[in-house]
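For the numbers below, each heavy atom of this structure counts, side chains included, while hydrogens, waters and symmetry mates do not. The shown structure was predicted, so the numbers you read here are calculated from the model rather than taken from an experiment. Counting starts at 1 for both ligands and their atoms, following the listed order.
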Amino acid sequence: MLKGKKVLLGITGGIAAYKCCELIRLLRKSGAEVQAMVTRHALDFVTLTVLKALTSNEPLWDGDSGRLPIEHIRAAEWADLILVAPATGNFLAKVRAGIADDLLSTTVLAGWQKLAVAPAMNSQMYLNPATQENIGVIRSRGIRVWGPASGDLACGTSGEGRMLEPKELLDLIDDALAPRLTEKSPRCVITAGPTVEMLDPVRMLTNRSSGKMGFALARAARAAGLRTTVISGPVSLPTPAGVERINVQSAAEMRDQVLSLLPETDIFIGCAAVADFRPATVSPQKIKKVKGTDELTLTLVKNPDIIAEVARSEQRPFTAGFAAETENLEAYAKRKLTEKNLDIIAANDVSRKDSGFDSDKNSITLYDREGGKTELGSGDKQELAERMVREILRLSGITEHRSWC
Ligand code: C5P
């Protein structure tokens, strides 16, 4: 999603500097070019050799006698985004005051409009009124402040001050570098995760679904410049940056939310594993075992087919569905495409052990209503989601909304 994007990663002297290695790896995997710039103190925590190997670029730092006198200007102009992670309390104070006494602070002074900082420090240092005031002023200038989170700290205590995890930072970078959204940006609505149908106050009927594919699609749609809403059943996944999330339980609730957004939906992707049936009645009390009987008969009634309703509606958006099958993949997927009147269907074989449910991997083939077949291949759900969104944009004629910050 960050293909062709240039990230200048400023590293200051905090123990969280070790997390930068993973962040660089994730950024490179997403297609970004990364240039590391380190302060002298950062070199107590990471080495130039490691940074060079991970970024494939010579790290920039004050001790490099060969660097250009205008290196700070060149670096600030080169970058699409400057992220200082970890940003120590001292560095934040320098940003606030405009102090430029080393390569990184000078670069940040020049490139402040592209700046994001990820604070990391002991919680007393973080909660110090001076740091709080510095962060408040930095934020008020439009500089992005990402984190910190609460949790275990290197000093052995626990509290606010932990640097965000590399995955969380990657998500925020994606959002910061994604096309800027306006009222005119096309809107994409995605259903994700399972639905839950209550049987009594403690039991429920549900489907197996982690929600990972739906959330990966939401991240990819936002990165492509779509105003994205994910309507999700109960899952334990963080909301991708820049994506609106609506939590629901039952198929009926999911349907209501989908229909209320329908008039402004340009693309609908039904990725949720919606329960086909729900109990005809929900017992107000816990259902008890009945002595002398070994059977319990439940009456189930059909749930609304949300995607079919969307595809039948007058305001019909471009509609994409999923067919998760264990056999006859192509035939079943094509039948669903026709019966539900979809524009495109993503067929995935959920019988495979290495992909599908709970896994970070998947294997997808797309079939469209014009008879086209596109093999998205096997791989990471995020990569497949990006390819699928690209295909949806191509087929729907809805172009990406390009206006970067
Ligand atoms: O019929 P089946 O559940 O196999 O169809 C799968 C596709 O239909 C998925 O895109 C799923 O999100 C959608 N669906 C729906 N409402 C239902 C059942 C399925 O939107 N009640």
Step-by-step side chain to side chain contact (heavy atoms under 4.5 Å, CB included) determination, Arg203 to Lys286: CA-CA 8 Å; Arg203 280 106 170 197; Lys286 190 176 167 191; 3.5 Å; yes

Can you list the atoms of ligand 1 that are under 4.0 Å from a heavy atom of [X]?
{"X": "Gly321", "answer": "10 (O)"}
{"X": "Pro304", "answer": "16 (N), 17 (C), 21 (N)"}
{"X": "Ala272", "answer": "11 (C), 12 (O)"}

Test log, rule salt bridge (Lys or Arg N to Asp or Glu O under 4.0 Å), inputs Glu22 and Lys19: CA-CA 6 Å; Glu22 176 63 3; Lys19 290 188 188 173; over 6 Å; no

Validation row: Arg144, Leu81 side chains within 4.5 angstrom (heavy atoms):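 Yes - at least one pair of side-chain heavy atoms lies under 4.5 Å apart.
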
Atom CE of Met204 with >12 non-hydrogen neighbours under 6.0 angstrom: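 Not buried by this count: 12 neighbours or fewer within 6.0 Å.
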
Greater than 12 external heavy atoms within 6.0 Å of Glu375's CD: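 Correct, the count exceeds 12.
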
Within-cut-off N or O pair, [X] and ligand 1, under 3.5 Å:
{"X": "Ala275", "answer": "no"}
{"X": "Ala273", "answer": "no"}
{"X": "Lys340", "answer": "yes"}
{"X": "Asn303", "answer": "no"}
{"X": "Ile306", "answer": "yes"}
{"X": "Val274", "answer": "no"}

Evaluation steps, salt bridge (Lys or Arg N to Asp or Glu O under 4.0 Å), between Arg222 and Asp171: CA-CA 11 Å; Arg222 167 62 194 99; Asp171 204 27; over 6 Å; no

Nearest neighbour of atom 6 (C) of ligand 1 from the list Phe268, Tyr332, Phe322, on a heavy-atom basis: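 Among Phe268, Tyr332, Phe322, the closest heavy atom to atom 6 (C) of ligand 1 comes from Phe322.
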
Heavy-atom proximity to atom 3 (O) of ligand 1, best of Asp276, Ile269, Asn207: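 When every heavy atom of Asp276, Ile269, Asn207 is considered, Asp276 comes closest to atom 3 (O) of ligand 1.
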
For [atom], what is the closest protein heavy atom, and at what distance to 0.1 Å?
{"atom": "atom 13 (C) of ligand 1", "answer": "Ile307 CG2, 3.7 Å"}
{"atom": "atom 10 (O) of ligand 1", "answer": "Gly270 O, 2.6 Å"}
{"atom": "atom 4 (O) of ligand 1", "answer": "Lys336 NZ, 2.4 Å"}

Test item, Ala251 contacting ligand 1 (heavy atom, 4.0 angstrom):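 Contact check Ala251 vs ligand 1: negative.
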
Salt bridge (Lys or Arg N to Asp or Glu O under 4.0 Å) evaluation trace for Arg387 with Glu383: CA-CA 6 Å; Arg387 284 181 220 154; Glu383 282 166 34; 3.6 Å; yes

Thr131 side chain to Asn128 side chain, donor-acceptor N/O pair below 3.5 angstrom: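 No, Asn128 and Thr131 have no side-chain donor paired with an acceptor closer than 3.5 Å.
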
Glu160 side-chain N/O to Ser123 backbone N/O, donor-acceptor pair under 3.5 Å: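 Checking the backbone N and O of Ser123 against the side chain of Glu160, no donor-acceptor pair under 3.5 Å is found.
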
